[in-house]
Structures are given as C-alpha cells and as structure tokens.
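Worksheet: the structure to be examined is printed underneath.
Keep in mind that this is a model prediction, so the values were computed, not measured. Nothing fancy with the numbering, it's 1 onward along the sequence. All ligand and atom numbering here is 1-based and tracks the order in the structure.
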Amino acid sequence: MPNLTLILLAAGSSTRFELDVKKQWLRVDHKPLWQFVADKCEDTKQFDKIIITSSKEDIEFMKNYSDFTFVEGGSTRGESLQNSLCEVTTEYVLVSDIARSCISKEFLEQIISHIGDSDCIVPYLPVNDTIVYEDKTIDRDKVKRVQTPQLSLTSALKNALKQPQEFTDESSAIVANGGSREFILGDVNAHKLTHLQDLKELSCLAAPSEDTLSGTGFDVHAFDNKGNMYLGGVKIDSEYGFKAHSDGDVAIHALIDALLGAAGMGDIGMMFPDSDEMYKGIDSKELLKRVVAKIYNFGFVIVNVDLTIAAEKPKIGNYKLAMRKILSSILNIEPSRVNIKATTTEKLGFIGRGEGVGAIANANLKYFDWTKI
Ligand SMILES: Nc1ccn([C@@H]2O[C@H](COP(=O)(O)O)[C@@H](O)[C@H]2O)c(=O)n1
Ligand SMILES: C[C@@]1(CO)OP(=O)(O)OP(=O)(O)OC[C@H]1O
C-alpha cells in the first residue's frame, strides 16, 4: 500500500446549492453524502489515513456517524486544505472534494498508479465545445477541464500553499511554485455537485431511505413565584413562571429533545448548556428556531410532532390553538402536523401538588428527498 493520505474536502457552505439542506448532508439511502464518498474511498484500502475537512458545527454531528479523522475547515478551500495538511505525515497526499461524489474506485486506483511520476498527477477532461475567451475564439485542443482527485507530493503541496495567492486546485499552486505536473485522462463520473441540476449527472447516488425517524423528549420545570410563564411558545396569564436558566418553556424543551432525538443529534443541554450566560433568560422559541435550522441543514424534514403537557395548573385549553400556530410556523410544517395535549396527574406526585410542570414530546422526521426536486 503506498505511503498515502486522502483528504476529502467537505467544509463548503453549499451557497450555490439553493436549498436548506447542505449538499454534504444529502442522504444516499441512510448515509450522508460525505460518508458515502469516504466509505467508498476507504474500501479501496489505498490510504494510510482519510481526513475529512468540514465546518466545526458539522464535525460535532459527523462524529456520530464514523471515526474518520475530522479537521475543521477554513473560510476558503485553500485554508481548509492547509488545515488538513497539518495532519498529513505521509509522503504523498490525494486531495478530492466530497462534491465529486461519484468518483469510482477504479478512477482512484488509476490516479494512484501514477504515484511518483510527478509532483502532481492531475486528471482532466478535454473540451468539445467552441471556447471563446474575452470575445476571442481560442484553440480548444489546448484547453483542459481540470478535475480532482489530484495526487501530490506532500512536501511540494505544503510549500506551494505558502504562496500568498489563492488557487482553486493543487496542481496550479504547485506549478506556480516551480513544481511539475502530469496530466492524465479524467472521468466524466468525477462530475462536481455544485448546483441542484448537477444531481442529474450523479447517477451513482441511490435515493434516500424512506424510513421515518422518531424521537422523544421529556422535561420538567418547577414553578417560580416571579417572572412570566411561557409554554409552547405562548405567554400564559399566570402570577408565576418557571425556575430555569432560559425562559423555562418546558414544552418547547421537550419538543427540542424530541427533534434532536429523531435526528440523532444528542440533547438540548449539549447544544445550549445551562451554564452558558448566552442562554440566560433566552426565549426558548429562539432555541427551537436554531434546532429547526440545523435539522433542515443536516438533510431532514419534519413530518409531525405531538406534545403532552402534564400540569394541575395552569389550564392550557385556551392556549392550544395559539401554541399550534406559533410552533407550526417555527417548525415550517402545517398546523395539522402539530398536536398539543394536556393532562393532570390526578393530584399525584410533584405535578399533582402543583410544584411544577412536565412535558413529553414526540417528533417524526424523514430524509429530504432530493430525487423529487
Ligand atoms: N444527569 C444529567 C441530567 C442532565 N444532563 C444535561 O443537562 C441538560 C439539562 O438537564 P435538565 O435536567 O436541567 O433538563 C440536559 O439536556 C443534559 O444535556 C446531563 O448531562 N446529565
Ligand atoms: C434550556 C436550557 C438552556 O440553557 O436551560 P434551562 O432553561 O435550564 O432548561 P433545561 O431543560 O433545564 O436545560 C436545557 C438548557 O439547554
């Protein structure tokens, strides 16, 4: 096996992808796209190490899926690459973009077979269209559409990236720094997923699983004889509030845990520690908005939620419709998909003694189905 590390760049913010979901979180059956690509590369057994470069927020979630080496990316592709190269100790490094999701094992092996032939091995595709550059038609036989993965001598690439200018691929940096480059014929399946319509070019991707993912949340808060009471995102007419770090909306907290549970994203305290001054007195609707944004970014859609509030007081019957409206608006689903229930505990336990309120929630998610765009 060659002395080789793979870097998969996945720190992009998908700005050109025009959807709530980040493209690296589109599902292929059950797998996020980044894991589908990384697992395929791992199966070639060609790499001493596989490094995935992503945003800090994504990495925390990615670690739930696999134990690849994750490196926090930078604000540009070049910065992300430099951050990753700090973890590379092998003589050679293969750099690819997660967005080139249909690269085949054979293509990877073909590139690797040229290891050592030059400072950088660069796949390219010829051009079949007429090329006009600054209003002048140029010789298209001299034009190359450069692809990744590119195989570099690690030392040559590290030195090349010390140059001040930004490069869009490794070989351009290496050649600008006096290094050598060998072009080899590329592969149409190395097409890069940039815009929505590119999905049609990526025939290797299976549709997302149609499974429903379910989660449950539970929370309790004691009454506090000061402050306002909020439940289900609605201000309740009451002479007391809840003992809490935030506004104490126990119903929303249970709902957040149900959503995070369904998505496999941990729990509310992991996202919003009650030791963090940033969340002191915070409106729990704001916490819910942040969770919903993550849910959609990570490739889920919300099917429905069901909430039960257990309380001797206050009676919430008159607030249910308002709760349903505000929560459905934040969740971005129809009000009919948000069910609110209430119950007493027949004077039993702490709830029955009027010491506080409990809430339990269920949430159902599905994967965003990109095949139906
Ligand atoms: N044994 C526990 C209990 C709680 N946590 C974390 O704290 C967060 C807040 O818990 P509350 O009981 O105040 O709702 C919770 O979301 C957990 O993240 C814990 O780690 N261990
Ligand atoms: C909501 C958060 C915000 O810090 O704090 P609390 O308002 O105390 O609510 P709790 O459910 O006890 O803990 C979850 C925390 O995330």
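- Checked against a 3.5 angstrom limit, the closest N/O atoms of D247 and ligand 2 fall outside it.
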Between the protein and ligand 1, which nitrogen or oxygen pairs come in under 3.5 Å, and how far apart is each?
from: ligand 1; atom 1: 14 (O); to: D219; atom 2: OD1; distance (Å): 3.4
from: ligand 1; atom 1: 16 (O); to: D267; atom 2: OD1; distance (Å): 3.3
from: ligand 1; atom 1: 16 (O); to: G269; atom 2: N; distance (Å): 3.0
from: ligand 1; atom 1: 18 (O); to: D267; atom 2: OD1; distance (Å): 2.7
from: ligand 1; atom 1: 18 (O); to: D267; atom 2: OD2; distance (Å): 3.2

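- Considering only non-hydrogen protein atoms, atom 4 (O) of ligand 2 sits nearest to F272 O, 2.9 Å.
- Residue M271 does not touch ligand 2, judged by heavy-atom distances below 4.0 Å.
- Pairs passing the disulfide (SG to SG under 2.5 Å) check and including a residue from residues 111-159, sequence neighbours excluded, do not occur.
- Listed by first and then second residue, the disulfide (SG to SG under 2.5 Å) pairs involving residues 167-236 are C102-C204 (not counting sequence neighbours).
- Considering backbone and side-chain N/O of Y279, none are found under 3.5 Å from N/O of ligand 2.
- Contacts between H245 and ligand 2, counted as non-hydrogen atom pairs separated by less than 4.0 Å, involve both the backbone and the side chain.
- D97 contributes no side-chain N or O that, together with a main-chain N or O of A99, makes up a donor-acceptor pair within less than 3.5 Å.
- Applying the disulfide (SG to SG under 2.5 Å) test to pairs two or more places apart or on separate chains, none has a residue in residues 340-373.
- Interface of S246 with ligand 2, defined as ligand atoms under 4.0 Å from a residue heavy atom, comprises 1 (C), 6 (P), 7 (O).
- Only side-chain heavy atoms of D219 come within less than 4.0 Å of ligand 2; its backbone N, CA, C and O stay farther off.
- The shortest separation from a heavy atom of K280 to ligand 2 is not under 4.0 Å, leaving the residue out of contact.
- Annotation for ligand 2: atoms under 4.0 Å from non-hydrogen atoms of A244 are 7 (O).
- Ring-plane geometry between W25 and F298 is classed as tilted, the angle between the planes lying from 30 to 60 degrees on a 0 to 90 degree scale.
- For the side-chain contact (heavy atoms from CB on, under 4.5 Å) with Y319, the qualifying choice from I309, D237, L231 is D237, the only one to do so.
- Residue contacts with ligand 2 for P273 involve N, CA, C or O but no side-chain atom from C-beta outward (heavy atoms, distance under 4.0 Å).
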